[in-house]
Novice: 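Sharing a structure below in structure tokens format, with a few things to ask.
Reckoned from all heavy atoms, side chains included, excluding hydrogens, waters and symmetry mates. Per chain, numbering begins at 1; letters A, B, ... match sequence-line order.
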Amino acid sequence: MKSWELLEAIGEVDAKMALEAEKPKVRRRGVRLLALAAAMVLVLATGVTALAAVSEPVNEMLYNIWPYAAQALKPVNMSCEDQGIRMEVLSVAVQGQETLVTLTMQDLTGDRLDETVDLFDTGNLLLPYDGSGTCMLTGYDAAEKKATFAVYMRFDTDRIGDAKATFQVSKLLTGKRECTVDLTPYLELPLAQAETIQVPKLRGWGGSGSHREVARMQVLDPANSREIEVTEGVTFAGAGLVDGALHVQLRYADIINTDNHGVLYLTDREGNILDTVSDGVTGLSWFDDNRDSWQEHIFDSLPLPVEELRLVGDFVTADPALEGNWQVTFPLQTEVE
Amino acid sequence: MEDERIVGLFWQRDESALACTQERYGSYLTAIARRILGDVRDAEESVSSTLEAAWQSIPPHRPAGLKLYLAKLTRRISLDMCRKRSALKRGGGQTALALEELEECIAGEDTPEKQTDRKLLAEGIQTFLAAQPEAERRVFLLRYWHLYSVAEVALRCGYTRSKTASMLHRTRLRLKEALLREGLL
């Protein structure tokens, strides 16, 4: 094979995945843990390899996604409790740079977990190396109030070693809700030139532009917020024109503890989503003193007259995170009995 | 004008579809072509060819996402131009560097060169990428799908250039392992 073929074949991968890569992201601290439903669907179609020592219902799935790490899974079965919730590390694998940990979180005293629970980016195998990883919820047993997770991490080292390691979780996010809200009624037509201020302390932005340029941008004055609750945790603050672009301002409550977030888009009257191409900044955000996140969404070109548009938001909100200190320390090279 | 209407114009064989496409996506497609070809005039020619290819292929195709469809066409056409015109010798944008880096994925194999089914290869790469952490996947696709320079990838992702290069190197080695495992190398 020539590298030309490889370069051309890379161009044949799912274009949505490729375009997603091009979208700007706000970086978050710590290990980013993501659901891998799409990956699971893809990889499950490729066949199953042999099973090894640890017997868990999720194993076949793990073998297909992370074959090397999953083959090295060894039982741990050690647990701890905090806040009435038990964390049990079921198994661990160390294979070269890769680690895989399977674990359960079980509510022993209440009904605080649900089928939307996640580790809120806090599931972490503590090792003295830089690493990145991903997490997936592999099951939820409502009767047992028990959720099962797999956490895969890759570290910047060729040999992780066989010392003891600690797996730690500090937050659980539950009660996730998704909703779609038509924000069109909140647009006051005809749109007027808005009162603006320079963006307060810039937290992040999407689209092109340097930090210096974006930090000087004008946003709707939050002091004029209309304070319309569109769903629990999300407030519509206002909309208006700034230098010909449509600005829409929202406030997301307490995102550090809720991960509340959303995307805005435009549709025609029939509900067809319109592609809003932009060469500039598409949105920016900043924190206020209450740690709420203000977000300004910017549409610098409107594909239809504003009277023919609908402004729609997809929002994800959650209950405030359940905090605790769950830690289990175990030897990395546990022998199979 | 939104995508569906433009696609409708293509289907009606209305040549204004080309002007609408150029207006809506011209600068985006030119940016893709320029990264691959490294030359503005070549990039403009590639975009013209993209519009021509779209005219020839819609219908029978009715792309659900016009932007994606056009981006893939531009990428393929630009790479073809790059290969045919030996544009690599003239600098060739990011393509020459990307090819050099990707040699790492296929070098060192003693097996005779074999014809790999492109569809299977693409599926293998897709499966591999889907199982990577988001950060690595994003860096890899920005470099080898979009052909951004390493410096641009670093800037977009907020990493240092050396960290970006290191992530790419490790991902290439893992891709090689995965392709070998699947019998695609």
Novice: Which heavy atom of Ala98(B) sits nearest to which heavy atom of Leu7(A), and what is that distance?
Specialist: CB-CD1, 4.5 Å

Novice: State, with a plain yes or no, whether a side-chain heavy atom of Leu6(A) is found less than 4.5 Å away from one of Ile125(B).
Specialist: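 They are in side-chain contact.
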
Novice: Identify the two heavy atoms, one from Ala122(B) and one from Ala9(A), that lie closest to each other, and give their separation to 0.1 Å.
Specialist: CB-O, 3.8 Å

Novice: Does Phe149(A) have any ring pair (Phe, Tyr, Trp, His ring centres under 6.0 Å) partners at least two apart in sequence or in another chain, and if so, which?
Specialist: none

Novice: Would you say that more than 12 heavy atoms from the other residues, nucleotides or ligands in this model lie under 6.0 Å from the CD of Gln168(A), or not?
Specialist: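 Buried by this count: over 12 neighbours within 6.0 Å.
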
Novice: Might you point out which heavy atoms bring Trp145(B) and Ile10(A) nearest each other, and give the distance in Å?
Specialist: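 Answer, listing the atom of Trp145(B) first, then Ile10(A): CD1-O, 3.1 Å.
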
Novice: Need one label for Glu123(B): side chain, backbone, both or neither, based on atoms under 4.5 Å from any heavy atom in chain A.
Specialist: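 Contact with chain A involves no heavy atom of Glu123(B) at all.
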
Novice: In Å and rounded to the nearest 0.5 Å, what is the CG to CH2 distance from Leu102(B) to Trp4(A)?
Specialist: 11.0 Å

Novice: Do the charged groups of Arg76(B) and Glu12(A) touch, with an N to O distance under 4.0 Å?
Specialist: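 Looking at Glu12(A) together with Arg76(B), the answer is yes, because their closest N to O distance falls below 4.0 Å.
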
Novice: Determine the minimum heavy-atom distance between Leu121(B) and Glu5(A), stating which atoms define it.
Specialist: CD2-O, 4.1 Å

Novice: Specify which of Leu147(B), Leu141(B), Leu129(B), Val139(B) makes the most heavy-atom pairs with chain A at under 4.5 Å.
Specialist: Leu141(B)

Novice: Side chains of Glu8(A) and Asp80(B): closer than 4.5 Å at any heavy-atom pair?
Specialist: yes

Novice: For Arg13(B), I'd like to know if atom CZ has over 12 heavy atoms of other residues, nucleotides or ligands within 6.0 Å.
Specialist: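 Yes, because the 6.0 Å sphere around CZ of Arg13(B) holds more than 12 heavy atoms from other groups.
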
Novice: Where on Tyr69(B) is there a heavy atom nearer than 4.5 Å to chain A: the side chain, the backbone, both, or neither?
Specialist: neither

Novice: To check you understand the geometry: which heavy-atom pair defines the closest contact between Ala21(A) and Leu142(B), and what is its length?
Specialist: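 Closest approach of Ala21(A) to Leu142(B), heavy atoms only: O-CD2, 3.6 Å.
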
Novice: Below 4.5 Å from any heavy atom of chain B, which atoms of Leu304(A) appear? Answer side chain, backbone, both or neither.
Specialist: side chain

Novice: Would you say the side chain of Asn272(A) lies within less than 4.5 Å of the side chain of Asp3(B), judging by non-hydrogen atoms?
Specialist: no

Novice: Where on Glu100(B) is there a heavy atom nearer than 4.5 Å to chain A: the side chain, the backbone, both, or neither?
Specialist: neither

Novice: For Tyr148(B), which atoms come within 4.5 Å of any heavy atom of chain A: side chain, backbone, both, or neither?
Specialist: side chain

